[in-house]
2 protein chains.
Amino acid sequence: MTEPPRPLKRTEIRAMNETLILQAAEKVFAEAGFGGATMQLIADMAGLPKANLHYYFATKEDLYRRVVQNIFEIWLHAADSMDNAPGPAEGIGAYIDAKMEISRRHPDGSKVWASEVMHGAPVIQDYLETTLRDWTKGRAALIQRWIDEGKMAPVNPDHLLYMLWATTQHYADFGHQIQTLNGGKPLSDRQWKAAKDSVKTMILRGIGVA
Amino acid sequence: MTEPPRPLKRTEIRAMNETLILQAAEKVFAEAGFGGATMQLIADMAGLPKANLHYYFATKEDLYRRVVQNIFEIWLHAADSMDNAPGPAEGIGAYIDAKMEISRRHPDGSKVWASEVMHGAPVIQDYLETTLRDWTKGRAALIQRWIDEGKMAPVNPDHLLYMLWATTQHYADFGHQIQTLNGGKPLSDRQWKAAKDSVKTMILRGIGVA
DNA sequence: TCTTTTCCTGACCATATGGTCAGAAGGAAG
DNA sequence: CTTCCTTCTGACCATATGGTCAGGAAAAGA
């Protein structure tokens, strides 16, 4: 019943508490937004006294920034599936799969990201202007190459990317609405598969790859 | 230079101040979220003393509820374009046009709505369960009819609706990100037209109507 | 064992915020 | 003009919140 009281090393303690706090923070920020979240709520959810949060993260904003950065990392990694693909069917198909999986596994992270961007990206504006802009330019070029090679219909690459982001993230950000329209029940495994298939089918056909 | 000091009627005063407050509130709620918005900020933006807000709207939550309800109305009206259409090309095409126009004209409203839903729809849950659910069922049935009549490819109507919402609202909710990726400049008229065309082309082809 | 460093936390503080209220100001009605 | 009702607002209040700090507990190092 009781957990083994093995004495923890300093590094272990630090790592454990930081992730504990970050997980709690992600959930609270997602549920209440930055303004609505309170350090007390996050502390309670993490099972730690509030003062302890400030020991690990100086300010609420620092904690928030770390949460957003973590999400951004996951975001970027999903893009790897798009590279090294022989063509749009595989590349974009895999990207949709990856992003849908993220929406399913990290809905809170997606919401925090959406909230941050909606409010004008006060803390990650520099990321948008550097990392994300570069990333987008690269993928748009890749898509343009596919178009030039006649592998897909000629569409505006930027707007295709926006559509990919919008459609996949919608299942996380508007998950509550979807759940309500689904009779109040979260999507089942089968329904998630149907969602993924629907998105993939429509978008791939939409770019002339079907 | 000075506005005419014609004495205003009571009803005029009331109507004017209410819309003044509601407009300011929409902007502030969109920019800061419910938790981050303050009555003082809204008051300053409306050019009224804070106590005056509480004369017209008892609580912050009341004011917020009114803002969200206003948006919901606009939302539903956009759907009219879908009805009375001979087929999906016209109906869904018109719906995309209408929703893109809303994203362009009412980005703040869209953001408030997104924020509300992301946080679990604390104040409009009943709308989701009644009005929106009915609306969705009706349009899904309409789409299914088009499919049965062979007018479009057999897709899951619900997921098509989600895609329509996601894609169009993305241009409002993530407008800041899009603007950043556009070199920091808001989309021009020409670019908005390109966006609309891209979305319409890809989705209509995606459902086999092209 | 003794010292040092890190970790932890209850109590506390300054500030900001939602909301209240008494009374002034100004149209409406007679 | 007088009365009545709506609109308006500065001053005020209770509370919640982000953040601080002194000192205790516990691990690391010598």
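In what follows, chains carry the letters A, B, and so on, assigned in the order in which the sequence lines appear, proteins first and then strands, with residues in each chain numbered from 1. No hydrogens, no waters, no symmetry mates; every other heavy atom, side chains included, goes into these values.
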Checklist entry - Atom NZ of A/K60 and atom P of C/dA16: how far apart are they, to the nearest Å? => result 14 Å
Item to check | Taking every non-hydrogen atom, the tightest pair across B/A140 and B/L161 | outcome: N-CD1, 4.2 Å
Checklist entry - Reckon A/Y56 touches a base, only the sugar-phosphate, or nothing at all at heavy-atom distances under 4.0 Å? => result sugar-phosphate
Next on the checklist: Below 30° counts as parallel, above 60° as perpendicular, anything between as tilted: where do the rings of A/F72 and A/W113 land?
Outcome noted: parallel
Checklist entry - Taking NZ, NE, NH1 and NH2 as the nitrogens, is one of them in B/D189 or B/K193 under 4.0 Å from a carboxylate oxygen of the other? => result no
Could you go over nucleotides 9-15 of chain D and give all protein N or O partners under 3.5 Å, atom names and distances?
{"residue": "D/dT9", "atom": "OP2", "partner": "B/N52", "partner atom": "ND2", "Å": "3.2"}

Checklist entry - What is the distance from CZ of A/F57 to C1' of D/dG18, rounded to the nearest Å? => result 16 Å
Item to check | B/D44 CG - C/dT17 P separation (whole Å) | outcome: 11 Å
Next on the checklist: Under 4.0 Å, heavy atom to any atom of DNA chain C: which of residues 25-42 of chain A qualify?
Outcome noted: none
Item to check | Atom-pair distance (CD1 on A/I13; C1' on D/dA28), nearest Å | outcome: 11 Å
Next on the checklist: Whole angstroms only, please: what is the CE-C1' distance between A/M16 and C/dT6?
Outcome noted: 15 Å
Checklist entry - Separation of B/E18 atom CD from D/dT6 atom C1', in whole Å? => result 13 Å
Checklist entry - Does A/R14 place a side-chain N or O at less than 4.0 Å from the phosphate oxygens OP1/OP2 of C/dT6? => result no
Next on the checklist: Output the rounded distance in Å from NE2 (A/H54) to C1' (D/dA22).
Outcome noted: 17 Å
Next on the checklist: Are B/E116 and B/Y64 packed together at the side-chain level, in the sense that at least one heavy-atom pair is separated by less than 4.5 angstrom?
Outcome noted: yes
Next on the checklist: More than 12 heavy atoms of other residues, nucleotides or ligands under 6.0 Å from NZ of A/K196: yes or no?
Outcome noted: yes
Checklist entry - Taking the inter-plane angle between the rings of B/W165 and B/W135 on a 0 to 90° scale, is it parallel (under 30°), tilted (30 to 60°) or perpendicular (over 60°)? => result tilted
Next on the checklist: Taking NZ in A/K60 as the centre, count heavy atoms belonging to other residues, nucleotides or ligands within less than 6.0 Å. Is the count above 12?
Outcome noted: yes
Next on the checklist: Parallel, tilted or perpendicular: which one describes the rings of A/F174 and A/H170, with boundaries at 30° and 60°?
Outcome noted: parallel
Item to check | Partner set under side chain to side chain donor-acceptor pair (under 3.5 Å) for A/R14, not counting sequence neighbours | outcome: none
Checklist entry - Separation of A/I21 atom CD1 from C/dC8 atom C1', in whole Å? => result 11 Å
